[in-house]
Amino acid sequence: MREYSPNEIEKKWQNIWDEKEIYKTEIDKSKPKYYALVEFPYPSANGLHVGHPRPYTAMDIVARKRRYEGYNVLFPMGWDAFGLPTENFAIKNKIHPAIVTEKNIERFKSQLKSIGFSFDWSKEISTTDPKYVKWTQWLFLKFHEHGLAYKHEMPINWCTSCKIGLANEEVVNNACERCGGEVVQKIKNQWMLKITEYADRLIDDLDDVDFIERVKLQQKNWIGRSIGMEIDFKVTNKEEKLRVFTTRPDTIFGSTYMVIAAEHPLIEKYKDEIGNYDELMNYKETVAKKSDFERTELSKEKTGVEIKGLTATNPATGKEIPIWISDYVLMSYGTGAIMAVPGHDERDWEFANKFGLPIVEVISGGDIKKEAYTDSENGIVVNSDFLNGLEVEEAKEVISKWLEERNLGEKKTNYKLRDWVFSRQRYWGEPIPLIHCDDCGWVPVPEADLPVMLPDVENYEPTENGESPLANIDEWVNTTCPSCGKAAKRETDTMPNWAGSSWYFLRYIDPDNDKEFASKEAIDYWMNVDWYNGGMEHTTLHLLYSRFWHKFFYDIGLVSTKEPYQKRTSHGMILGDNNEKMSKSRGNVVNPDDIVRDFGADTLRTYEMFIGDFEKSAPWSENGVMGCRRFLERVWKLQEILVEGDNYTKDLESSIHKAIKKVTEDFETLKFNTAIATLMSLSNEFNDCGSVTKKDLATFLILLNPVAPHITEEIWQEIGLEGFLHDTTWPKYDEAKTKDQVIQMPIQVNGKVRGTIEINVDDTQDKIKEKALQDENIMRFIEEKSIIKEIFVPGKIYNIVVR
RNA sequence: GCCGGUGUGUCGGAAUUGGCAGACGAGACAGACUCAAAAUCUGUUAUCCGCAAGGGUGUGUGGGUUCGAGUCCCACCACCGGCACCA
């Protein structure tokens, strides 16, 4: 028998699959369809690392298994190619980002091909391809057309020294990552997408999809729906009202002061009546340097300034209360103002404590001298006039009614979710296809003129005043208004990287269509995505953004399903062998090319699946890789003990049926590691047995094939099994044959195992008891004691409780 | 800080979801083969006491529920992911 040489046979089979186009998919209504999706990679200059193949192999296993089960399977791959690293590389090396991107894609593609994934490469897409950009822009214009894209003043991170807008990631401890200069928040008028309009549906429709629970929870919490009230507090001696949002209107009698955001317009409006305006402005300036994250940190020391000259009136108590500004109140959440109830809110309590503001108990049950009492389930309302004696939920109803009747407030639902800032002052992104005309306002670029392509520029760096580099290209910026024909200017902001990835799963199904983003026929046949696997880190941004886009498309009749993804699962990260995240700077990156070269693609795939619990992170280990190679070597050598035979070997029959069951189930539940362990045990059994029949081996090869497609296909051919393994069907098992007749039953005394007896599965409790009491060791623990209870779980355990 | 998650031998991990903790793999040790080494094959391998039979202890820490807890409940500790312009 020849040696197992993966480099040779892997190339061979990859070529055969390619030539036969067996993974190319067409619409075929005679078969059930299955759409398996993995997150497409960002083609960075570093190439693939061993983290990438983990989810790809997992879904490749599912895709291959589905084909054997008779499905028409779409399993596509593409490139999420716009992005900051490529742009920064281009700036540094003076190379056009399109060229960098092209090179990176070429490298990624050949790396992926060497691992033997069953991707349908005829469906390949790149978000930077003009044919793709056209439809990203077209879809954006739909948002604009339906009023979901709007301009709004939003802050950007501004490096005062480089005079450049920075991504959050480029800001380290309030300083610019490149030059160390000071970073402040600069206000810019930016395009926004109204994702908040979909907040309720993004939560409620989670009930209809099969996402793993932690993904659902994290999305719900990110959207952060809270039901409460908006209440007006009159500014004393003014017509002005200060509107606050609260989820605890029941505590209104305990509101002893108000806090508004440093940016609140009230301050400018009454500038002349405020005694300490300068002090407030100074405070506002320090706040401007902080991110929302720093502002709302619970543990930090509270800061704030009282507004001198303005007070408000608590509508419930009628008492005059002071108004403060503090960084922990954000203009972007609620109304930018709160009624502070220090007795029953942690932040308010700390603030009041620090500045000596009165703390009044209005819910009994805690000790507000020590800490805020925030429990809303057990408390009873006190010190609150007509609310006294009520439980919190009742009090909420009563006070809501009372306020509404007096026109002092209304019920309101708030969300933590904010609208999506869709503008970037960058070069390497899709230009926002809008033209500004002094007469007509913002006018969309007509469909015939799409895509709006990026002009070639000398310099990819943003401009000195915070505009995109595109703003410097006069011949690009200056155009005519599509509506009235007068001179007009193009929008120079580009879209965020998220734009292309928000709808790519729709393009895969019809990637060459130049009339539509995808045909209705293709959408009706292929959608939804049946199973989408991706990283946990994409849960609250990409996954939510793409659900939002899809829902909007559904509303305007572009797609036929409410949700894009039927099922969502998540994989863990692969860490370096030092248990740290793989990164160039840590020097612990493993390149899959090396593993494919030295051990083979099948070994890489097997190890990636065997490394541990698919949903958890796991450190890379070269010894582990070697172990998987040894396993495949042993599989290869099964040929040596092959005997003719069209039946399962009698002694192994139950093991084989059990293995079919276990592997079939484990591939569906992401337990690839235990599926492989089962196959390892089965191959060990073959060896212990000393021989394996053709039938036994064929079944084994099919089960292993989705994990290690090349070696199994080769052995299949080598031992002369009929046809090709890739044309076979998935094996079935007989449930009855997976059950053992005779089992070892543990016998416990007082919950501790004191012996094991061999029983027949359908032996009665009495029979088992009789057998158990013959066991010397078990008797030692029962003697001279009386049996007070017996617990018998058929097929599992028999426990005797004695005293 | 907030939201989500994780914690089991020397290491990666397994445990039919409340029923024999440590499957499978790695590593280590011993043996076979070899002049020798590598590769391969065989055996041992949580820990303590014991010649053995067997027994005690043991799933991040402390408590609880139960005949029985890695699994359920309460409190705590450590680590990982996300925090809206990285992808």
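Residue numbers begin at 1 in each chain, while the letters A, B, ... track the order of the sequences.
Both the sub-6.0 Å distance and the 45° axial angle are satisfied by A/R568 relative to the ring of A/Y532. Cation-pi check for A/K671 over A/F614 is not met; the charged atom does not lie both under 6.0 angstrom from the ring centroid and within 45 degrees of its normal.
Counting distance only, with no hydrogens placed and no angle test, the side-chain atoms of A/E615 and the base atoms of B/G5 include no donor-acceptor pair under 3.5 Å. One cannot find a donor-acceptor pair under 3.5 Å joining the base of B/C3 and the side-chain atoms of A/N221.
One finds the OG atom of A/S501 at 9.0 Å from the CD atom of A/E39 (value rounded to the nearest 0.5 Å). In this structure, CD on A/E153 lies 5.0 Å from CG on A/N189, to the nearest 0.5 angstrom.
The distance between atom CG of A/L638 and atom P of B/C41, rounded to the nearest whole Å, is 12 Å. The NZ atom of A/K616 sits 16 Å away from the P atom of B/C11 (whole-angstrom rounding). A/F610 places its CZ atom 4 Å from the C1' atom of B/G25, with the value rounded to the nearest Å. Per the geometry, CZ belonging to A/F672 stands 18 Å off C1' belonging to B/G12, to the nearest Å. Between A/Y798 atom OH and B/G18 atom P there is a gap of 24 Å when expressed in whole angstrom units. Straight-line distance from the CG atom of A/D666 to the P atom of B/A15: 8 Å, rounded to whole Å. Rounded to whole angstrom, the span from the CG atom of A/N687 across to the P atom of B/C41 amounts to 8 Å. As rounded to whole Å, 12 Å separates atom P of B/G25 from atom CG of A/L682.
Backbone-only contact: A/R634 has heavy atoms under 4.0 Å from sugar-phosphate atoms and none from a base. Using a 4.0 Å heavy-atom criterion, one finds that A/E633 contacts no nucleic acid atom at all. The residue A/F614 sits apart from the nucleic acid: no heavy atom pair falls under 4.0 Å. Contact annotation for A/R754: backbone-only contact, meaning every heavy-atom pair under 4.0 Å involves sugar-phosphate atoms and none involves a base.
Pairing for B/U42 goes to B/A30, judged as Watson-Crick or G-U wobble with the two contacts each under 3.5 Å. Nucleotide B/A36 forms no Watson-Crick or G-U wobble pair with any nucleotide shown, as no partner meets the under 3.5 Å limit on both distances. Nucleotide B/G25: paired with B/C11 (Watson-Crick or G-U wobble, both distances less than 3.5 Å). If you check B/G50 for Watson-Crick or wobble pairing at under 3.5 angstrom, you find it has no partner at all. Across all strands shown, B/A75 pairs with B/U61; the Watson-Crick or G-U wobble distances both stay below 3.5 Å. Across the strands present, B/U16 finds no partner; the criterion is a Watson-Crick or G-U wobble pair with both atom distances under 3.5 angstrom.
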* Which nucleotides of nucleotides 81-87 of chain B have their base under 4.0 Å from a protein heavy atom (B), which only their sugar-phosphate (S), and which neither (-), written as one string 5' to 3'? -> BSBBBBB

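Between B/G25 and A/N684, a contact under 4.0 Å exists linking OP1 or OP2 to a side-chain N or O. One finds a side-chain N or O of A/K752 lying less than 4.0 angstrom from the OP1 or OP2 phosphate oxygen of B/U57.
There is no side-chain donor-acceptor pair under 3.5 Å between A/S226 and A/N414.
The main-chain N or O of A/W191 is found under 3.5 Å from a side-chain atom of A/S423 such that the two form a donor-acceptor pair. Listed for the A/R225 side chain is no donor-acceptor partner under 3.5 Å among the backbone atoms of A/Y415.
Qualifying salt bridge (Lys or Arg N to Asp or Glu O under 4.0 Å) partners for A/K581, counting only residues two or more places apart in sequence or in other chains: none.
For A/R214 and A/K789, each mapped to the nucleotide of RNA chain B holding its nearest heavy atom, the one lying further toward the 5' end belongs to A/R214.
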